[in-house]
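Step one of this worksheet: look at the structure below.
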Amino acid sequence: MAKITFIEHNGKEHVVDAENGMSVMETAIKNMVPGIDADCGGACACATCHVYLQGDWAEKLAERSEMEEDMLDFAFEVQDSSRLSCQIRVSDDIDGLVLKVPEKQF
């Protein structure tokens, strides 16, 4: 189990316990984290679970897949640290992950 911190665009933090094997998006939905819409349910067919990796997490996680890159074209204010939370699997290796949620999703 890992602890993940979601930071809303207004700075409010939500620290949640995440079960290994789930996606970060599923964890956000299960814990009612505001700003993660997850319209496609985790199929990597939209960008409504867009998050920004904080700190050096971009270097610690696997690179974005081509499909994830394509979906991020539809996200709001994409940055180098942008990821789709449906594409990040929870494991003990991501304990302490910190993500910022964009102001809006589309």
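Below, all heavy atoms of this structure are taken into account, side chains as well, without hydrogens, waters or symmetry copies. Being a predicted model, the structure only gives us computed values, none of them experimental.
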Which distance, rounded to the nearest 0.5 Å, do you find between the CD of E103 and the CD of E77?
7.0 Å
Mind checking the OG-CD spacing from S81 to E59? Nearest 0.5 Å is all I need.
11.5 Å
How about D80: does its CG atom have over 12 heavy atoms from other parts shown lying under 6.0 Å from it?
no
So V24 and I36, do their side chains get closer than 4.5 Å, heavy atoms only?
no
Contact between F6 and V16 at the side-chain level, heavy atoms closer than 4.5 Å - yes or no?
yes
Which residues pass the side chain to side chain donor-acceptor pair (under 3.5 Å) test with D70, sequence neighbours left out?
none
For Q105 and F76, indicate whether the former's side chain and the latter's backbone hold a donor-acceptor pair under 3.5 Å.
no
Hey, does the side chain of D92 reach the backbone of M1 with a donor-acceptor pair shorter than 3.5 angstrom?
yes
Check whether any side-chain heavy atom of F74 sits under 4.5 Å from a side-chain heavy atom of C46, and report yes or no.
no
4.5 Å side-chain heavy-atom contact, D93 and D95
no
Treating D37 as the side-chain partner and T48 as the backbone partner, does any N or O pair qualify as donor plus acceptor under 3.5 Å?
no
State plainly whether the residues R89 and E26 are in salt-bridge range, i.e. N to O under 4.0 Å.
yes
Check for a donor-acceptor pair, side chain of S85 on one end and backbone N or O of C49 on the other, with a separation under 3.5 Å.
yes
Strictly by ring pair (Phe, Tyr, Trp, His ring centres under 6.0 Å), give each pair with a member in residues 8-28 just once, sequence neighbours left out.
none
Over all atoms of both residues, closest heavy-atom pair of C86 and G42
CB-CA, 3.7 Å
Can you sort out the partners of E69 under salt bridge (Lys or Arg N to Asp or Glu O under 4.0 Å), two or more places apart, ordered by chain and number?
R64
Is any side-chain heavy atom of V15 closer than 4.5 Å to one of I4?
no
Give the minimum heavy-atom separation between C44 and C40, together with the two atoms involved.
N-SG, 3.6 Å
As an exercise, state the distance from CD1 of I88 to CG of L97, rounded to the nearest 0.5 Å.
6.0 Å
Rounding to 0.5 Å, atoms NZ (K104) and NE2 (H50) come to a distance of 13.0 Å
Determine whether Q87 and S23 satisfy the following criterion, side-chain contact (heavy atoms from CB on, under 4.5 Å), listing intermediate values before the conclusion.
CA-CA 7 Å; Q87 297 301 295; S23 72; over 6 Å; no
I'd like to check W57 versus I94 (side-chain heavy atoms, cut-off strictly below 4.5 Å). Are they in contact?
yes
Considering all heavy atoms, the nearest V101-P34 contact
CG1-O, 4.0 Å
Roughly how far, to the nearest 0.5 Å, is CD of E68 from OG of S82?
9.5 Å
Please walk me through it: do V98 and I7 pass side-chain contact (heavy atoms from CB on, under 4.5 Å)?
CA-CA 8 Å; V98 180; I7 305 171; 3.7 Å; yes
For residues L72 and L84, determine if any side-chain heavy atom of one lies less than 4.5 Å from a side-chain heavy atom of the other.
yes
Can you name the nearest heavy-atom pair linking A38 to M25, along with the distance?
CB-SD, 3.4 Å
Can you confirm whether L53 sits close enough to L61 that some side-chain heavy atom of one is under 4.5 Å from a side-chain heavy atom of the other?
yes
Do E19 and K30 sit within salt-bridge range, that is, some charged N less than 4.0 Å from a carboxylate O?
yes
